[in-house]
*Asks:* 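Take this structure first; my questions come after.
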Amino acid sequence: MSKKNSYNLVVVLGPTASGKTTLATKLASKIQGEIISADSRQVYRNMDLGTGKDLEDYIVDGVQIPYHLIDIVDAGYKYNVYEYQTDFFRAFEDIKSRNHFPVMCGGTGMYIEAVLSHFKMVHVPSNPELRKSLEGKSLGELTQILSSFKTLHNKTDVDTVKRAVRGIEIETYYKDNPEIEVELPELNPLIIGVKIDRDLRREKITKRLKSRLDEGMIDEVKSILKSGVHPDDLIYYGLEYKYLTLYAIGKLSYQEMFDQLNIAIHQFAKRQMTWFRKMERSGFDIHWMEATDSYDHRINEILKMLS
RNA sequence: GGUACCAUAGCUCAGUAGGUAGAGCAAUGGACUGAAAAUCCAUGUGUCCCUGGUUCGAUCCCAGGUGGUACCA
């Protein structure tokens, strides 16, 4: 086996509704693979229809394909990139130790890149002294302080006092401990991107939304709310959970919910593609494959690249 | 059939006291290192329904069409 082809990971990425899970599981069944999901919402238990878990896809020809990082935390929890990176490499080593082949599959660009680019992320303990010194400061002042550490690209970082303080805590820790290095396993990934024509993608998204609503997605949201998750937290998860919660609490009519959600999913798919294009520009070699080509054809192509 | 009102961007609509036009939404491109399905930035879009008239000049005024809505019959 040549050095160039000694891949130790396959990545299947693509926008929502491109059929990447099916491709990944079918591939996994051929190479003794196990799936490591790269989906920031499928980590949550009981959020099934709205995140498109499709767990039946993980049974190929009657055989269960093992999967990781799905259903690992409770709905309402705030999982994050740092935890993802840690969890990913744990699953990766675990799969390796069994002599199976890791197949990463998902559409959360930042999670994929945090892993492939070895984003520097270390465990940051809480800093009671710092917290004490920040006590009583306004959100505006905290925003000032955080922006002295890094460019703020979004408001999510300074949405609440709690998050702003944690952000400052993390940045302070990095600054005070520049020597800390994290040892992460070398990755030599074969990256497959599922490409889907824009119009077809929109058509599939709308169709899938309708069928999920028919399958009881509204009840799923209602029961999560009933279990005690605060509507605001569910709204923060975005897309299905945002618009269905707004509908469930009477802020949107059914038609408004449907139309706005449909548009929001289309916009999300576009943003995913923007991320993948940026990855390519920054040097990642993504092998794009047409979603309309047969699975057999595409899997043969991938197997050729792996051999 | 009669009367009134309307016809402008992909959609909903504003506007031009006559000098060829603009908001919101959508769309498109981009950013993104501890909630990322989040959050944020940028950018267009036009036979101003058709035909004629008045005018230096009409999307705007006038006449006639066509289509729509409402009311009356």
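Since this is a predicted model, take the numbers as computed values, not measurements. Chain letters run A, B, ... following the sequence lines, proteins first and then strands; every chain starts at 1.
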*Asks:* Could you let me know what A7(B) is paired to, Watson-Crick or G-U wobble, both distances under 3.5 Å, or none if it's on its own?
*Replies:*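 Its partner is U66(B) (Watson-Crick or G-U wobble, both distances under 3.5 Å).
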*Asks:* Could you identify the nucleotide paired to C13(B), looking across every strand shown and requiring Watson-Crick or G-U wobble geometry with both distances under 3.5 Å?
*Replies:*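 Partner of C13(B): G22(B).
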*Asks:* Who are the side chain to side chain donor-acceptor pair (under 3.5 Å) partners of Tyr295(A), not counting sequence neighbours?
*Replies:*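 For Tyr295(A), no residue satisfies side chain to side chain donor-acceptor pair (under 3.5 Å) once neighbours in sequence are set aside.
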*Asks:* Base, sugar-phosphate, or nothing for Tyr77(A), non-hydrogen atoms under 4.0 angstrom?
*Replies:*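 Touches nothing.
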*Asks:* What's the closest nucleotide to the His266(A) side chain, out of A36(B), A35(B), A27(B)?
*Replies:*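 Selected nucleotide: A27(B).
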*Asks:* Check Arg98(A) with Asp94(A), please: is the shortest side-chain N to carboxylate O separation under 4.0 Å?
*Replies:*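 A salt bridge links Asp94(A) with Arg98(A).
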*Asks:* Taking any strand in view, what nucleotide pairs with C61(B) in a Watson-Crick or G-U wobble way, both distances under 3.5 Å?
*Replies:*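 Here C61(B) is engaged in a pair, and the nucleotide opposite it is G53(B).
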*Asks:* P atom, A73(B) versus G65(B): distance in rounded Å?
*Replies:*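 A73(B) and G65(B) have their P atoms separated by 25 Å.
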*Asks:* Any side-chain N or O of Ser40(A) under 4.0 Å from OP1/OP2 of A37(B)?
*Replies:*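 Result: yes.
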*Asks:* May I have the distance from His118(A) (atom NE2) to G34(B) (atom P), rounded to whole angstrom?
*Replies:*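 Atom-to-atom, His118(A) to G34(B), this comes out as 18 Å.
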*Asks:* Any salt bridge between Lys26(A) and Asp296(A), counting N to O under 4.0 Å?
*Replies:*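 Judged by the 4.0 Å cut-off on N to carboxylate O distance, Lys26(A) and Asp296(A) do not form a salt bridge.
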*Asks:* Can you tell me if Gln144(A) has over 12 outside heavy atoms packed within less than 6.0 Å of its CD?
*Replies:*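 Count not over threshold, so no.
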*Asks:* Nearest-Å distance, CG (Asp259(A)) to P (C11(B))?
*Replies:*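 Distance check: Asp259(A) CG to C11(B) P gives 16 Å.
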*Asks:* Rounding to an integer number of Å, can you tell me how far Ile265(A) CD1 sits from A27(B) P?
*Replies:*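 To the nearest whole Å, that distance equals 12 Å.
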*Asks:* Could you work out the separation of C48(B) and G1(B) based on their P atoms and round it to a whole Å?
*Replies:*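 Those two atoms are separated by 31 Å.
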*Asks:* Given atom OH of Tyr237(A) and atom P of A35(B), what is their separation to the nearest angstrom?
*Replies:*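 Going from OH in Tyr237(A) over to P in A35(B) covers 12 Å.
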*Asks:* When you compare A42(B) with G46(B), how far apart are their P atoms, in angstrom units rounded to a whole number?
*Replies:*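 Per the computed distance, 22 Å lies between those P atoms.
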*Asks:* Taking only side-chain N and O atoms of Thr274(A), does any of them lie within less than 4.0 angstrom of OP1 or OP2 on G30(B)?
*Replies:*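 Affirmative; the distance criterion is met.
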*Asks:* Below the 4.0 Å mark, does A37(B) have OP1 or OP2 next to a side-chain nitrogen or oxygen of Arg271(A)?
*Replies:*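 No.
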*Asks:* Looking at Tyr84(A), does any N or O in its side chain come under 4.0 Å of the phosphate oxygens OP1/OP2 on G34(B)?
*Replies:*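 No, because none of the side-chain N or O atoms of Tyr84(A) sits under 4.0 Å from OP1 or OP2 of G34(B).
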*Asks:* Say you pick atom P in A63(B) and the same atom in U43(B); how far apart are they, in whole Å?
*Replies:*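 Looking at atom P only, A63(B) and U43(B) are 43 Å apart.
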*Asks:* With the side chain of Trp275(A) defined as its heavy atoms from C-beta on, choose the nearest nucleotide among C32(B), A35(B), A27(B).
*Replies:*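 For the Trp275(A) side chain, the nearest candidate turns out to be C32(B).
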*Asks:* What's the gap between A21(B) and C62(B) when it is taken at their P atoms, as a whole Å value?
*Replies:*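 Roughly 22 Å separates the two P atoms.
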*Asks:* Within 45° of the axis and under 6.0 Å from the centre of the six-membered ring of Tyr58(A), does NZ or CZ of Lys53(A) qualify?
*Replies:*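 No.
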*Asks:* What do you reckon, are the aromatic ring centroids of Phe276(A) and Phe284(A) less than 6.0 Å apart?
*Replies:*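 Aromatic pair excluded; centres sit 6.0 Å or further apart.
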*Asks:* Using the P atom as the reference point in each nucleotide, state the distance between G15(B) and U28(B) in Å, no decimals.
*Replies:*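 Result for the P pair: 30 Å, nearest Å.
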*Asks:* May I ask you to check whether over 12 heavy atoms, not counting those of Glu129(A), lie within 6.0 Å of atom CD?
*Replies:*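 It does not: Glu129(A) CD has 12 such atoms or fewer within range.
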*Asks:* Under 4.0 angstrom, heavy atoms only, what part of the nucleic acid is Thr108(A) near: base, sugar-phosphate, or nothing?
*Replies:*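 Sugar-phosphate: the residue Thr108(A), judged by heavy atoms under 4.0 Å, touches backbone atoms but no base.
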*Asks:* Please report the distance, rounded to the nearest Å, between OH in Tyr79(A) and P in A36(B).
*Replies:*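 Whole-Å distance recorded here is 10 Å.
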*Asks:* So, is Arg277(A) near the phosphate of G29(B), with a side-chain N or O under 4.0 Å from OP1 or OP2?
*Replies:*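 Yes, because at least one side-chain N or O of Arg277(A) sits under 4.0 Å from OP1 or OP2 of G29(B).
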*Asks:* If I take atom CZ in residue Phe268(A) and atom C1' in nucleotide A31(B), what distance separates them, rounded to the nearest angstrom?
*Replies:*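 Going from CZ in Phe268(A) over to C1' in A31(B) covers 16 Å.
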*Asks:* Answer yes or no: does a side-chain N or O of Arg163(A) lie under 4.0 Å from OP1 or OP2 of A35(B)?
*Replies:*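 Indeed, a polar side-chain atom of Arg163(A) lies that close.
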*Asks:* When you check the gap from the basic side-chain N to the acidic O, do Glu280(A) and Arg277(A) get nearer than 4.0 Å?
*Replies:*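 Result for this pair is no, no salt bridge flagged.
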*Asks:* Can you see if the side chain of Arg281(A) gets near the phosphate of G30(B) - specifically, an N or O under 4.0 Å from OP1 or OP2?
*Replies:*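 Yes, such a contact exists.
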*Asks:* What's the closest nucleotide to the Asn154(A) side chain, out of A35(B), A36(B), A37(B)?
*Replies:*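 Nearest nucleotide to the side chain: A36(B).
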*Asks:* Which part of the nucleic acid, if any, lies within reach of Gly109(A) when heavy atoms closer than 4.0 Å are counted: base, sugar-phosphate only, or nothing?
*Replies:*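 Nothing, no heavy atom under 4.0 Å.
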*Asks:* At under 4.0 Å between heavy atoms, what does Ser117(A) touch on the DNA or RNA strands: base, sugar-phosphate, or nothing?
*Replies:*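 Here Ser117(A) touches no strand at all.
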*Asks:* If you find the nucleotide of RNA chain B closest to Ile235(A) and the one closest to Lys150(A), which residue's nucleotide is nearer the 5' end?
*Replies:*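 With Ile235(A) and Lys150(A) compared, the 5'-side residue is Lys150(A).
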*Asks:* Return the pairing partner of G1(B) with a 3.5 Å limit on both distances, Watson-Crick or G-U wobble; otherwise return none.
*Replies:*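 Per the H-bond distance test, C72(B).
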*Asks:* Suppose you measure atom P in A23(B) against the same atom in A14(B); what distance do you get, rounded to whole Å?
*Replies:*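 Each nucleotide's P atom is 16 Å from the other's.
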*Asks:* Nearest-nucleotide wise, let me know which of Tyr241(A) and Val81(A) is further upstream toward the 5' end of RNA chain B.
*Replies:*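 Per heavy-atom nearest nucleotide, the more 5' residue is Val81(A).
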*Asks:* Checking all strands, does Asp233(A) fall into the base, sugar-phosphate, or nothing category for heavy-atom contacts under 4.0 angstrom?
*Replies:*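 The answer is nothing, as Asp233(A) stays clear of every strand by at least 4.0 Å.
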*Asks:* Any base atoms under 4.0 Å from Gln267(A), or only sugar-phosphate, or nothing? Heavy atoms, all strands.
*Replies:*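 Sugar-phosphate, backbone atoms only, no base.
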*Asks:* May I ask which nucleotide in the shown strands pairs with U39(B), Watson-Crick or G-U wobble, both distances under 3.5 Å?
*Replies:*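 Its partner is A31(B) (Watson-Crick or G-U wobble, both distances under 3.5 Å).
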*Asks:* Within the 4.0 Å heavy-atom criterion, would you say Tyr174(A) contacts the bases, only the backbone, or no part of the nucleic acid?
*Replies:*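 Base contact - Tyr174(A) has a heavy atom under 4.0 Å of at least one base atom.
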*Asks:* For Lys278(A) and A42(B), what is the distance between atoms NZ and P respectively, to the nearest whole Å?
*Replies:*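 From Lys278(A) NZ to A42(B) P: 19 Å.
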*Asks:* Is it the case that over 12 heavy atoms from other parts of the model lie below 6.0 angstrom from the CD atom of Glu179(A)?
*Replies:*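 Atom CD in Glu179(A) is crowded, with more than 12 foreign heavy atoms closer than 6.0 Å.
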*Asks:* What is the distance, to the nearest angstrom, from the CE atom on Met273(A) to the P atom on A37(B)?
*Replies:*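 It is 15 Å, rounded to the nearest whole Å.
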*Asks:* For Lys242(A), which contact category applies under a 4.0 Å heavy-atom criterion: base, sugar-phosphate, or nothing?
*Replies:*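 Contact class for Lys242(A): none.
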*Asks:* Does A27(B) have its OP1 or OP2 closer than 4.0 Å to a side-chain nitrogen or oxygen of Arg198(A)?
*Replies:*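 Looking at the OP1 and OP2 atoms of A27(B), neither is under 4.0 Å from any side-chain N or O of Arg198(A).
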*Asks:* Select base, sugar-phosphate, or nothing to describe what Ile263(A) touches, counting heavy atoms under 4.0 Å on all strands.
*Replies:*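 Answer is sugar-phosphate: Ile263(A) comes under 4.0 Å of backbone atoms only.
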*Asks:* Could you give the distance separating G24(B) and U66(B) at their P atoms, to the nearest angstrom?
*Replies:*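 About 38 Å, rounded to a whole number of Å.
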*Asks:* Under 4.0 Å from OP1 or OP2 of U33(B): is there any side-chain N or O of His153(A) that close?
*Replies:*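 For U33(B), OP1 or OP2 has a side-chain N or O of His153(A) closer than 4.0 Å.
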